Amino acid sequence: MSALGPDTTVRFRLNGEEQALHAAADARLVDLLREHFGLTATKAACRIGRCGACLVLLDGSAVNACLLMAWQIEGADIISPEALAVLPEGRVVREALVAEVSFQCGYCAPGFAVALTALFRRERDADEAAIRAALEGNICRCTGYFSILRGAMLAARRLSEKSIPAGGLPANAPTG
């Protein structure tokens, strides 16, 4: 039994696969991803939702996995940073961040990639102000933000050049 109540079985979709997991109702999603599924790109950093290192896509929105409890993910569709490449926007974001050498140590990179992917899935023509707003919850302690913004702007340009509708295409669709 957990501090908030009994264990529970939660059913959700993780990276395209149906899951049923028996866990404490108050277990944090970040811990479930790392400990039960071995998905370590989602970082357990601040644990209070202020750094963005634990971001995942939950039903298409970027959310802090450190703030979500097991009982809250029932029926959700979750995409971890490891699976962003199944989304056309995720592939473009990753490629652009790499092309601009956006990070030094890379610890924060998955969270930034998730935040940008969520933004571009809902707002294909996002400008620099929208990008900055989408990244407000992400902290990088070593790079500074100029190279990250360069990568984000490159992703925006590349996405505007592609004929991918906002919200993306199926995972197996070519991205050009």
Side-chain angles (χ1 to χ4, degrees), residues 13-16 29-30 33-34 39-68 73 76-176:
R13 185 187 259 319
L14 176 61
N15 298 337
L29 177 57
V30 66
L33 292 174
R34 294 177 65 79
L39 300 172
T40 57
T42 302
K43 307 295 189 240
C46 74
R47 293 189 169 269
I48 57 173
R50 292 197 179 150
C51 71
C54 68
L55 286 181
V56 297
L57 292 178
L58 179 96
D59 297 329
S61 296
V63 298
N64 290 298
C66 71
L67 299 179
L68 287 172
I73 63 171
D77 184 15
I78 299 167
I79 298 177
S80 73
E82 288 88 349
L84 285 181
V86 303
L87 304 172
E89 299 87 353
R91 285 193 296 273
V92 171
V93 164
R94 284 177 152 190
E95 291 166 4
L97 291 172
V98 169
E100 289 296 334
V101 191
S102 295
F103 303 101
Q104 287 179 23
C105 80
Y107 187 85
C108 64
F112 277 95
V114 169
L116 289 168
T117 300
L119 169 65
F120 292 131
R121 285 185 64 75
R122 72 175 182 273
E123 189 178 338
R124 178 53 52 86
D125 58 349
D127 60 9
E128 185 174 347
I131 290 169
R132 286 176 179 267
L135 297 179
E136 284 179 348
N138 293 77
I139 296 173
C140 177
R141 289 184 163 83
C142 61
T143 302
Y145 297 92
F146 186 71
S147 60
I148 297 167
L149 287 172
R150 273 196 335 259
M153 294 302 294
L154 177 59
R157 285 191 305 278
R158 288 180 175 177
L159 286 166
S160 72
E161 295 167 358
K162 294 183 180 285
S163 58
I164 303 169
L169 295 173
N172 58 0
T175 60

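The first residue of the sequence shown is numbered 1, and numbering continues consecutively from there. This structure is a prediction, so every number in the text was calculated from the model and none was measured.
Residues Leu29 and Ile78 meet the side-chain proximity criterion, which asks for heavy atoms closer than 4.5 Å. Leu97 is listed as a side-chain neighbour of Leu116, based on a closest heavy-atom distance under 4.5 Å.
Within the model, atoms CZ of Arg91 and CG of Leu159 stand 10.5 Å from one another, a figure rounded to the nearest 0.5 Å. Here the CG atom belonging to Leu154 is positioned 12.5 Å from the CG atom belonging to Leu149, to the nearest 0.5 angstrom. Expressed to the nearest 0.5 Å, how far SG of Cys108 lies from CD of Gln104 amounts to 9.5 Å. Taking OG from Ser160 and CG from Asp125, the interatomic distance works out to 9.0 Å, rounded to the nearest 0.5 Å. Put simply, SG on Cys142 and CZ on Phe103 are 9.5 Å apart, with the number rounded to the nearest 0.5 Å. To the nearest 0.5 Å, the span separating CG on Leu33 from OG1 on Thr42 amounts to 5.0 Å.
Evaluation of the side-chain hydrogen bond (donor to acceptor under 3.5 Å, both in side chains) test over residues 140-155, restricted to residues two or more places apart or in two chains, returns Glu100-Arg150. For residues 127-138, every residue pair satisfying the side-chain hydrogen bond (donor to acceptor under 3.5 Å, both in side chains) rule, not counting sequence neighbours, is listed here: Glu128-Arg132.
Checking side-chain atoms of Glu82 against main-chain N and O of Thr40 turns up a donor-acceptor pair under 3.5 Å.
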Ile131 vs Phe120, side chain to side chain contact (heavy atoms under 4.5 Å, CB included): CA-CA, chis, key distance, verdict: CA-CA 9 Å; Ile131 290 169; Phe120 292 131; 4.0 Å; yes
Pair Leu39-Asn15, side chain to side chain contact (heavy atoms under 4.5 Å, CB included): steps then yes or no: CA-CA 11 Å; Leu39 300 172; Asn15 298 337; 3.7 Å; yes
Show me the donor-acceptor pairs within less than 3.5 Å that the side chains of residues 55-67 make with the rest of the protein, sequence neighbours left out.
unit_1 : atom_1 : unit_2 : atom_2 : d
Asp59  : OD1    : Asp77  : N      : 2.8

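The two residues Ala134 and Leu119 make their nearest non-hydrogen contact at CB-CD2, 3.8 Å. Shown here for Ala155 and Ala96, the closest heavy-atom pair between the two residues is N-CB, 3.5 Å. The two residues Cys54 and Val30 make their nearest non-hydrogen contact at CB-CG2, 4.1 Å. The two residues Arg47 and Ala44 come nearest to each other via the heavy atoms NH2-CB, 3.4 Å.
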